[in-house]
Amino acid sequence: MVGQPSSAQDLQLKRSQPQIAEYAKWLDSLGPQGARFWIRLDGKKRPQRIYVGEGFYEADRESQKWFVEIFSKYLAGHPERGMILDLFDAGTGMLVGEYGWEGFKLFADGVRAMERVRRKSGR
């Protein structure tokens, strides 16, 4: 006898794993040893906290949004669902943005941090 059929949810989870693995690979390239979009993740709190770095601030708005959306989906473990995230500046520890029901928002402190990093890099 062949084992019990998987539930639809289990099947969907199995189908989404390759996409989640691709997200993980891409996010690793943007992490502390890569482009420094993010420096660390604090998953102990809710919403989870992503500490962003210079690479995030140097990126254009669309790239920032894409990064946050993919990180949210990766943490949710599903390519069509996401988690609510808070974005903190890795250097100062200040809350600089969020990703949630209303999408990606960069607060005034985030915009100032972005301007500071871009001035320093000559952009």
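Because the structure is a prediction, the values reported are computed rather than measured.
In this structure the side chain of Met114 reaches within 4.5 angstrom of the side chain of Leu106, judged on heavy atoms. Side-chain contact between Phe88 and Val52 is absent, with no heavy atoms from C-beta onward closer than 4.5 Å. In this structure, the side chains of Gln48 and Leu41 come closer than 4.5 Å at one or more pairs of heavy atoms. Contact check for Lys65 versus Arg61: no side-chain heavy atoms found under the 4.5 Å cut-off.
Taking every heavy atom of both residues into account, Phe37 and Ser63 meet most closely at CE2-O, 4.3 Å. In terms of heavy atoms, Ser29 sits closest to Trp26 at OG-O, 2.6 Å. The minimum heavy-atom distance linking Glu58 with Val117 is given by the pair CG-CG1, 3.7 Å. Between Asp42 and Tyr51, the shortest heavy-atom contact is CB-CE1, 4.1 Å. Closest of all the heavy-atom pairs between Thr92 and Asp89 is N-OD2, 2.7 Å. Closest of all the heavy-atom pairs between Pro47 and Ile84 is CB-O, 3.2 Å.
No hydrogens or angles considered: nothing links the side chains of Tyr99 and Asp86 as a donor-acceptor pair under 3.5 Å.
If you take CG on Asp28 and CD on Gln33, they are separated by 10.0 Å, rounding to the nearest 0.5 Å. Atoms CD and CZ, from Glu54 and Arg36 in turn, are 4.5 Å apart once rounded to the nearest 0.5 Å.
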Which atom pairs, donor and acceptor, lie under 3.5 Å between side-chain atoms of residues 66-76 and protein residues at least two apart or in another chain?
unit_1, atom_1, unit_2, atom_2, d
Ser72, OG, Met83, N, 2.6
Ser72, OG, Met83, O, 2.6
Lys73, NZ, Pro79, O, 3.4

Decide yes or no on side chain to side chain contact (heavy atoms under 4.5 Å, CB included) for Phe107 and Leu95, but give the supporting numbers first.
-> CA-CA 8 Å; Phe107 303 146; Leu95 179 66; 3.8 Å; yes

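With hydrogens and angles ignored, the 3.5 Å screen pairs a side-chain donor or acceptor of Gln64 with a backbone N or O of Phe56. When atom types are taken as modelled, the side chain of Arg49 and the backbone of Arg46 share no donor-acceptor pair closer than 3.5 angstrom.
There is a path of hydrophobic side-chain contacts, each under 4.5 Å, that joins Leu85 to Val111.
A salt bridge links Arg112 to Asp109: one of the charged nitrogens lies within less than 4.0 Å of a carboxylate oxygen.
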